[in-house]
J.: 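This is the structure I want to talk about, given as structure tokens.
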Amino acid sequence: MRCPSHCPIGVRKPEASGAAGSPGLVWIRPDIHSTVRRIDQALLQLIRAATRELLLVTFAAFKVPEIVTALYEAVKCKAWQRFVAETVEESEGKVSFNALQTLGQAFAGNVEVFVWPLSKRSKDAIGRHGSLHAKCAVADRTIAFISIANLTDYALNLNMEVGVVVRGGILPEALAAQFDRLGQRHILIPLE
């Protein structure tokens, strides 16, 4: 399935990164004019490549207008989307804003949004709970992006961040399937 011709971004084929399943390094700062791709550009390319489905997982999202625009365009192109993020309520204050506020209500209404409820999180001996700290994206179960970077202006423009993009092989499907299982077992639940 291809993005309709009226879609302004079209579908772009990902750049080759060697053999199927081999990782390509992505980087943000400092800029040392190497051949390593920028994290934000790799993520944008993955979002724009999605024609059937897109999974996006992040701890935080804030001030990323180019990413938001690409996600809106993917919705217009009928790529089914799942978004998993930390919320103010479930984090008990570890984040101070909900990622969905960054993405906007129109986006939220066209996407399946999941959270990791406190009732499903492990706690240590003094009652501290874990965080949804994963950051990854999968397009059409064929391209995976795994990074330490949140979807924030700081992460994509100022911090030193690193990640990998894997095209083909078993990793993209395995990563998407792991989030499928988390939903099926109600470890991740739909946001009301």
Side-chain angles (χ1 to χ4, degrees), residues 23 25-29 39-40 42-43 46-47 53-68 70-71 74-75 80-139 141 143-166 170-192:
L25 181 65
V26 290
W27 185 266
I28 211 66
R29 290 274 180 254
I39 285 175
D40 55 339
L43 181 57
L46 179 142
I47 293 168
E53 70 175 279
L54 177 66
L55 167 68
L56 183 61
V57 182
T58 190
F59 175 73
F62 188 67
K63 287 187 175 178
V64 286
E66 197 170 9
I67 300 291
V68 170
L71 291 169
V75 167
W80 172 63
Q81 295 184 30
R82 286 183 297 163
F83 182 66
V84 182
E86 190 68 275
T87 64
V88 172
E89 298 79 19
E90 298 301 334
S91 75
E92 291 189 326
K94 289 183 181 180
V95 293
S96 58
F97 51 88
N98 285 329
L100 286 177
Q101 292 169 331
T102 292
L103 301 176
Q105 289 303 321
F107 174 76
N110 292 298
V111 179
E112 285 189 281
V113 180
F114 292 86
V115 296
W116 185 25
L118 284 175
S119 62
K120 302 289 182 172
R121 299 184 190 203
S122 300
K123 291 189 178 182
D124 66 12
I126 59 173
R128 295 177 300 190
H129 61 81
S131 297
L132 191 155
H133 214 246
K135 294 106 175 174
C136 62
V138 182
R141 297 179 183 252
I143 308 169
F145 168 86
I146 303 168
S147 177
I148 61 171
N150 285 306
L151 295 181
T152 65
D153 180 53
Y154 271 99
L156 299 181
N157 293 302
L158 297 174
N159 295 349
M160 184 183 295
E161 308 275 4
V162 69
V164 295
V165 174
V166 179
I170 61 170
L171 192 134
E173 170 63 36
L175 186 55
Q178 180 68 7
F179 282 91
D180 291 345
R181 285 187 291 275
L182 291 171
Q184 291 161 358
R185 295 178 183 167
H186 307 289
I187 295 167
L188 296 176
I189 61 168
L191 185 65
E192 298 298 324

J.: Got a donor-acceptor contact below 3.5 angstrom from the Arg121 side chain to the Trp116 backbone?
T.: yes
J.: Which atoms form the tightest heavy-atom contact between Ala139 and Leu46, and what is the distance?
T.: CB-O, 3.6 Å
J.: Please enumerate all residues that pass side-chain hydrogen bond (donor to acceptor under 3.5 Å, both in side chains) together with Asp153, with sequence neighbours excluded.
T.: Asn157
J.: Under 3.5 Å, side-chain donor or acceptor atoms of residues 183-191 against the rest of the protein: list the pairs with distances, not counting sequence neighbours.
T.:
none

J.: How long is the straight-line distance from CG of Leu71 back to CD1 of Ile47, given to the nearest 0.5 Å?
T.: 4.0 Å
J.: Are Leu56 and Leu151 close enough, and set up right, to give a side-chain contact (heavy atoms from CB on, under 4.5 Å), and what steps lead you there?
T.: CA-CA 10 Å; Leu56 183 61; Leu151 295 181; 3.8 Å; yes
J.: Taking all non-hydrogen atoms of both residues, which atom of Ser147 and which atom of Ala149 are closest, and how far apart?
T.: OG-N, 2.9 Å
J.: Determine, stepwise, if the pair Leu175 / Val166 fulfils side-chain contact (heavy atoms from CB on, under 4.5 Å).
T.: CA-CA 11 Å; Leu175 186 55; Val166 179; over 6 Å; no
J.: Does anything in residues 58-68 form a salt bridge (Lys or Arg N to Asp or Glu O under 4.0 Å)? List the pairs, not counting sequence neighbours.
T.: none
J.: Show the nearest heavy-atom pair for residues Leu132 and Glu86, with the distance to one decimal.
T.: N-OE2, 2.9 Å
J.: What is the minimum heavy-atom distance between Ile39 and Gly163, and which atoms define it?
T.: CD1-N, 4.2 Å
J.: Who are the ring pair (Phe, Tyr, Trp, His ring centres under 6.0 Å) partners of Phe62, not counting sequence neighbours?
T.: Phe97
J.: Quick one: list whatever passes side-chain hydrogen bond (donor to acceptor under 3.5 Å, both in side chains) with Arg141, sequence neighbours left out.
T.: Glu53, Glu173, Asp180
J.: Can you name the side-chain contact (heavy atoms from CB on, under 4.5 Å) partners of Ala85, sequence neighbours left out?
T.: Thr58, Phe83, Ala99
